[in-house]
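So you know, we letter chains A, B, ... as the sequences are listed, proteins then strands, and number each from 1. What you see below is based on every heavy atom in this structure, not just the backbone, and it leaves out hydrogens, waters and symmetry mates.
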There are 2 protein chains.
Amino acid sequence: MCPEDQVTVKLSDIAAEAGVSVMTVSNVMNGKRARVGAATIDRVREIADRMGYVPNIPARSLAASRSHIVAMFVPVGENNSLLVSPHTVAVIGGVEQQLRHRGYHVLLRGIEHEGDVAEAIRGWSLDGAILVEFTDAEIDRIAADGVPLVAIDSYSTNPRTVGVRTDDYRGGRLAAEHLLAAGHRRLLFAGPPHEATGVVAQRWDGFRTACAEAGIAGEDIAVEEVLTSFEDGRELGLHLRARHPDVTAVFATADVLAVGLMAGLHESGAAVPADLSLVGFDDLDISAYTTPGLTTIAQDMPAKVAEASRIILEEIEGGEGPRAPVSLGVALVERGSVAAPRE
Amino acid sequence: MCPEDQVTVKLSDIAAEAGVSVMTVSNVMNGKRARVGAATIDRVREIADRMGYVPNIPARSLAASRSHIVAMFVPVGENNSLLVSPHTVAVIGGVEQQLRHRGYHVLLRGIEHEGDVAEAIRGWSLDGAILVEFTDAEIDRIAADGVPLVAIDSYSTNPRTVGVRTDDYRGGRLAAEHLLAAGHRRLLFAGPPHEATGVVAQRWDGFRTACAEAGIAGEDIAVEEVLTSFEDGRELGLHLRARHPDVTAVFATADVLAVGLMAGLHESGAAVPADLSLVGFDDLDISAYTTPGLTTIAQDMPAKVAEASRIILEEIEGGEGPRAPVSLGVALVERGSVAAPRE
DNA sequence: ATGAAAGCGCTAACAG
DNA sequence: CTGTTAGCGCTTTCAT
């Protein structure tokens with residue numbers, strides 16, 4: 001199918017054909033235009049195309065100790081595979097596209113043991129890596145050196161990594177303010193343990209602060225620690241009214257959780273938003289599909305992907321010096337799950 | 001952190017330390033146990049650990065023209081990134097885990113142009129590749145040679161690929177039989193165009209055949225061509241009763257579609273299953289969360305992942321000869337979206 | 001603007 | 001069981 005179906009065309013083949021040295025061809029192929037005459041460039045290009053040249057990536061990586069590969073690391077639990085959350089999926093897919101357009105490749109790698117990260121970086125001569133779904137504590141312990149590391153949704157202060165995340169504090173505030181504006185005073189905060197992840201801690205902080213400004217003390221906010229899953233949300237929903245009879249509104253730190261909550265509430269005979277108002281976080285696709293639609297704090301996923309890609313690329317291609325973490329904007333998306341509290 | 005923090009420990013360093021040749025170390029590291037004495041193995045192992053040896057993957061790939069890399073190729077539309085469907089996500093995540101445990105690595109690669117596949121295979125010295133979300137027509141055109149290729153959900157007869165898919169024909173039958181058993185006679189089949197993908201063609205075939213056996217001719221089955229998306233399903237749901245006043249049951253070829261349909265029907269004032277029964281396909285997580293729960297044809301995703309991984313690995317490690325495609329089982333999952341037709 | 005030499009770290013193939 | 005000899009295809013460095 002290809003023009004001249006040589007099994008393997010290499011630089012030296014093109015060099016011979018063009019009557020130039022291997023180095024000249026290499027320079028042409030790598031766009032080092034300053035080092036080669038314009039006429040030569042065109043001729044070499046044409047010959048390479050005609051012969052169906054495909055660069056050998058391992059050879060390039062070995063010689064240059066630079067791979068043009070960026071790894072996406074995702075921790076794997078004992079249970080099973082990776083790519084659990086829709087959020088992670090969006091990040092990985094988006095970053096792959098950005099990097100591909102800039103000539104980089106994506107290695108997808110589940111991490112079982114600490115140390116796998118550093119090992120992979122050395123073994124592959126990675127140009128950079130993006131850490132997804134790691135806890136702050138895990139990121140704190142990362143010791144890989146000399147390679148740009150972007151950590152998604154991290155509040156770790158590990159100086160080797162730069163964090164890219166949503167403005168979670170502001171998101172927490174928005175949720176509280178919206179609920180308070182609707183007239184609610186008895187609130188419940190539902191999410192995973194605060195200490196584990198900075199993300200949740202920030203959302204709690206924003207939520208609590210807005211409440212405090214409205215005269216509601218932190219101790220007066222009910223808190224339920226639940227895992228971020230539909231099932232855990234549903235479970236909580238089933239017993240919510242029994243456990244918190246006076247609560248009139250819930251802020252769940254993730255939409256999956258909120259959607260599960262809604263299902264559990266329905267099952268238990270409670271109506272949303274008539275009996276209980278609900279605000280989620282993320283703005284997943286499914287949040288528009290529930291009945292009622294879920295009012296939620298939307299993350300700016302395209303921006304997150306773009307920033308993560310931009311930073312890793314900049315750091316790889318010459319960037320240096322310490323760099324501040326990036327926080328992306330949030331916005332309240334009103335659907336139908338919030339109303340005034342029942343009298 | 002590592003024992004002796006050499007920047008780069010290579011085979012020759014270990015060889016020198018152990019007083020053996022580089023080849024011996026190489027053999028030890030690659031588990032070619034037959035070629036090395038037991039005592040030597042232990043000693044070399046110990047030294048390698050102590051020095052913190054990490055194999056250089058590009059070097060290995062170059063020398064062996066074998067990369068231990070399996071690519072996962074996903075087509076990218078003009079629109080944006082890859083990893084769209086939950087289904088694809090599960091496949092990629094699952095396969096990554098299986099391969100990692102067998103010492104292979106996963107390159108995730110969006111495909112923009114035909115030919116990118118063959119180019120990547122050559123350029124990376126890939127050991128194999130898995131094609132996800134390609135249409136049969138696209139797979140027909142793939143010309144890469146000499147490398148095992150597994151195509152997920154493909155009915156292409158391209159002899160260079162081996163298909164791993166669900167028993168879609170049987171799934172179509174199950175859906176029809178369930179609806180017929182509930183007493184429905186006026187059915188609607190909703191899905192993307194049949195010709196484009198073998199998957200849909202098979203489901204239609206099974207559906208139609210079961211209907212025929214019950215005395216319902218193919219012409220008497222209503223058909224709506226819609227894209228596999230929530231929005232398209234919703235759109236259809238909104239106008240369904242107007243367009244097909246006598247239809248009492250719908251088979252949608254995907255759960256996302258079915259869930260959208262359900263939303264549209266609700267909006268239009270139609271009740272599921274009182275006014276209209278609904279069967280989906282896939283058994284996504286969300287299908288358990290709708291109200292009512294969606295009755296659907298479940299795919300055996302773990303089996304799909306396991307088979308795809310097993311086949312690619314077998315083919316890489318010595319397998320040869322033509323191999324038959326694999327079809328995984330399906331099962332009807334009854335939730336609440338099917339009832340007897342209204343009189 | 002172009003080329004020659006040297007070697008990246010590893011493995012295949014054969015020799016002992 | 002172990003060692004030797006040759007590269008894999010490319011880029012670096014330095015010369016011209």
Length of the line joining A:I57:CD1 and C:dC10:P, which is rounded to integer Å: 20 Å
DNA chain D: 5'-proximal contact among A:M23 and A:P58 (nearest heavy atom): A:P58
Parallel, tilted or perpendicular, as decided by the 30° and 60° cut-offs, for the rings of A:Y104 and A:H68: tilted
d(CZ, A:R43; P, C:dA1) in whole Å: 16 Å
Contact under 4.0 Å: B:N30 side-chain N or O vs C:dT11 OP1/OP2: yes
Close side-chain approach of A:N158 to A:I142, heavy-atom, < 4.5 Å: yes
Atom pair distance, as rounded to whole Å: CH2 in B:W124 and P in D:dG9: 17 Å
Between C1' of C:dT11 and NZ of B:K32, the distance in whole Å: 9 Å
For atom CG of A:N27 and atom P of D:dC10, their distance in whole Å: 13 Å
Contacting residues from residues 59-66 of chain B, given that a heavy atom lies under 4.0 angstrom of DNA chain D: B:L62, B:A63
Side-chain N,O (A:Y53) to OP1/OP2 (D:dG9) below 4.0 Å: no
B:E119: partners by salt bridge (charged side-chain N to carboxylate O under 4.0 Å, His left out), with sequence neighbours left out: none
Let me have the donor-acceptor pairs involving side chains of residues 21-30 of chain B, under 3.5 Å, with sequence neighbours excluded, atom names and distances please.
| unit_1 | atom_1 | unit_2 | atom_2 | d |
| --- | --- | --- | --- | --- |
| B:S21 | OG | B:M23 | N | 3.3 |
| B:S21 | OG | B:T24 | N | 3.4 |
| B:S21 | OG | B:T24 | OG1 | 3.3 |

Ionic contact status for A:E17 with A:R50, cut-off 4.0 Å: yes
Under-4.0 Å side-chain N/O to phosphate OP1/OP2 contact, A:S12 with D:dC10: no
Interatomic distance where CE belongs to B:M29 and P belongs to C:dG9 [whole Å]: 16 Å
Atom pair distance, as rounded to whole Å: CG in B:D127 and P in C:dT11: 13 Å
Presence of A:S21 side-chain N/O under 4.0 Å of C:dT2 phosphate oxygens OP1/OP2: no
Selected nucleotide, minimal atom distance to B:V20 side chain, candidates D:dC10, D:dG3, C:dG9: D:dG3
Between CE on residue A:M72 and CG on residue A:L131, distance to nearest 0.5 Å: 9.0 Å
Residue of the set A:E133, A:K304, A:R165 for which side-chain contact (heavy atoms from CB on, under 4.5 Å) holds with A:I152: A:K304
Closest to side chain of A:K10, choosing from D:dG3, C:dT11, D:dC10: D:dC10
Separation of D:dC8 P from A:L11 CG (nearest whole Å): 13 Å
